[in-house]
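Worksheet for the structure shown next.
All figures in this text were calculated on a predicted structure; none of them were measured in a lab.
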Amino acid sequence: MKKILLLHGAWHNGKSWGKVSEILNKNGYETEALTLPGNGDNDSKDVSYEDYVNYVCDRIRAQDGKVIVVGHSSAGHVLQMALPKVAEKVEKVIFNNAWLLPDNKSQFDFVPDEIKNVMRQAAVASGTGAIPIDPQFVRAMLASEASDELYEELMTFLVEQPLIIMETPVQAKAFAEMKIPMILLYCTKDVSVPPGAFLGMFKAWGDNPVVEVDCDHEGLFTAPEAYTEGLIKAINL
């Protein structure tokens, strides 16, 4: 039985993988959905990027054998930092519309000024150093294909996101030297970035396989059956 570790992106937590995990389990896979420090229901937002990396490494090291790691959105650059430290424990990594960054660059280096300025101001105003959830952003940019019912359900478990995930430059040289197989699970209806941006980020690291799925950025939640069908294809490549 293959073990799949599922890592969420910004504003999310392990709950976002519930529907995908259920389908994977029914298909004979063991799953563990991780929740980064600061993204749990009652977590302090006073976390560092190093806390993210150490947590992911600790969870991978705790596994009995090799695992397949799946990273969604902002999880991409967290995995860039973590995976080289635990490469011997990882069979392959599947990036899902993930932010894969050049060395010494942060996610905010690729976000328009008007958006990141609003996020920074909102984080200061929150008093916690975390970016509040913007329902309009979620509806228009992330869950653009979701029914109203699914959108409302999604909003029940999103959390304020520590700003640190957006502002920390990654050190990607070790990631560039990794020999772990990489696959992109590419949600083709994603409108959260310019067309082809996530594909370009992935291809910058080599000519690795791509599996396309017909869903938005939140496909893991808004279209779990189609999403998981694509994910299983990626797992079996």
- Task: Would you check, one step at a time, whether the test side-chain hydrogen bond (donor to acceptor under 3.5 Å, both in side chains) holds for D46 with S44?
- Result: CA-CA 5 Å; D46 185 18; S44 166; 5.1 Å; no

- Task: Could you check L163 against F108 for side-chain contact (heavy atoms from CB on, under 4.5 Å), going step by step and ending with a plain yes or no?
- Result: CA-CA 10 Å; L163 185 62; F108 264 180; 3.8 Å; yes

Steps toward side-chain hydrogen bond (donor to acceptor under 3.5 Å, both in side chains) verdict (S126, E160):
CA-CA 9 Å; S126 74; E160 291 189 347; 4.6 Å; no

Q.
Under the criterion ring pair (Phe, Tyr, Trp, His ring centres under 6.0 Å), I'd like the reasoning laid out for W99 against F110: C-alpha separation, chi angles, the key distance, then a yes or no.
A. CA-CA 10 Å; W99 290 85; F110 301 93; 7.2 Å; no

Is there a side-chain hydrogen bond (donor to acceptor under 3.5 Å, both in side chains) between E218 and H12? Walk through the geometry before answering. CA-CA 10 Å; E218 297 293 324; H12 291 60; 2.8 Å; yes

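Using a 30° and 60° split on the angle between ring planes, H217 and H72 fall in the tilted class, from 30° to 60°.
For the pair K15 and D41, the salt-bridge criterion is met [side-chain N within less than 4.0 Å of a carboxylate O]. With salt bridges taken as basic N to acidic carboxylate O contacts below 4.0 Å, none links K116 and E167. Using a cut-off of 4.0 Å between Lys/Arg side-chain N and Asp/Glu carboxylate O, E22 and K26 are scored as salt-bridged.
Tested against Q63, the residues E30, K89, E32 include a single side-chain hydrogen bond (donor to acceptor under 3.5 Å, both in side chains) partner, E32. Residue W11 is tested with I131, I165, V138, L154 for a side-chain contact (heavy atoms from CB on, under 4.5 Å); the sole match is I131.
The closest side-chain heavy-atom distance from H8 to S16 is below 4.5 Å. A heavy-atom distance below 4.5 Å is found between the side chains of C57 and K85. Taking the side chain as every heavy atom from C-beta outward, I60 and V69 approach each other to under 4.5 Å.
Between S21 and L6, the shortest heavy-atom contact is OG-CD1, 3.4 Å. Residue A140 comes nearest to V191 through the heavy atom pair O-CG2, 3.6 Å, listed as atom of the first residue, atom of the second, then distance. P209 and L237 get closest at one heavy-atom pair: CB-CD1, 3.9 Å. Heavy-atom minimum distance, L101 versus Q107: CD1-N, 3.5 Å. Here the closest heavy-atom approach between residue V78 and residue Y52 is recorded as CG1-CB, 4.1 Å. The two atoms that bring Q80 and A172 nearest to each other are NE2-CB, 3.9 Å, heavy atoms only.
In this structure, CZ on F221 lies 11.0 Å from CG on D216, to the nearest 0.5 angstrom. In this structure, NZ in K45 is found 14.0 Å from CD1 in I164, a value given to the nearest 0.5 Å. Between the CG atom in N97 and the OG atom in S192 there is a gap of 7.0 Å [rounded to 0.5 Å]. Rounding to the nearest 0.5 angstrom, the gap separating the CG atom in L150 from the CE atom in M155 is 13.5 Å. Rounding to the nearest 0.5 angstrom, the gap separating the CD1 atom in I94 from the CG atom in L7 is 13.0 Å.
In this structure, the side chain of N96 engages the main chain of L185 through a donor-acceptor pair within 3.5 Å.
One hydrophobic cluster, built from ILVMFWY side chains closer than 4.5 Å, holds both M119 and V47. Note: the hydrophobic cluster containing Y49 also contains Y55 (ILVMFWY, side chain heavy atoms under 4.5 Å, direct or indirect links). Residues V170 and I180 fall within the same hydrophobic cluster, defined by Ile, Leu, Val, Met, Phe, Trp and Tyr side chains chained together at heavy-atom separations under 4.5 Å. I68 and W17 fall within the same hydrophobic cluster, where Ile, Leu, Val, Met, Phe, Trp and Tyr residues are linked whenever their side-chain heavy atoms come under 4.5 Å apart, directly or through other members. L220 and V193 fall into different hydrophobic clusters, where Ile, Leu, Val, Met, Phe, Trp and Tyr residues are linked whenever their side-chain heavy atoms come under 4.5 Å apart, directly or through other members.
Applying the side chain to side chain donor-acceptor pair (under 3.5 Å) test to every pair with at least one member in residues 141-158, sequence neighbours left out, gives these pairs: R139-D148.
Residue K3 qualifies as enclosed at atom NZ: its count of foreign heavy atoms under 6.0 Å is above 12.
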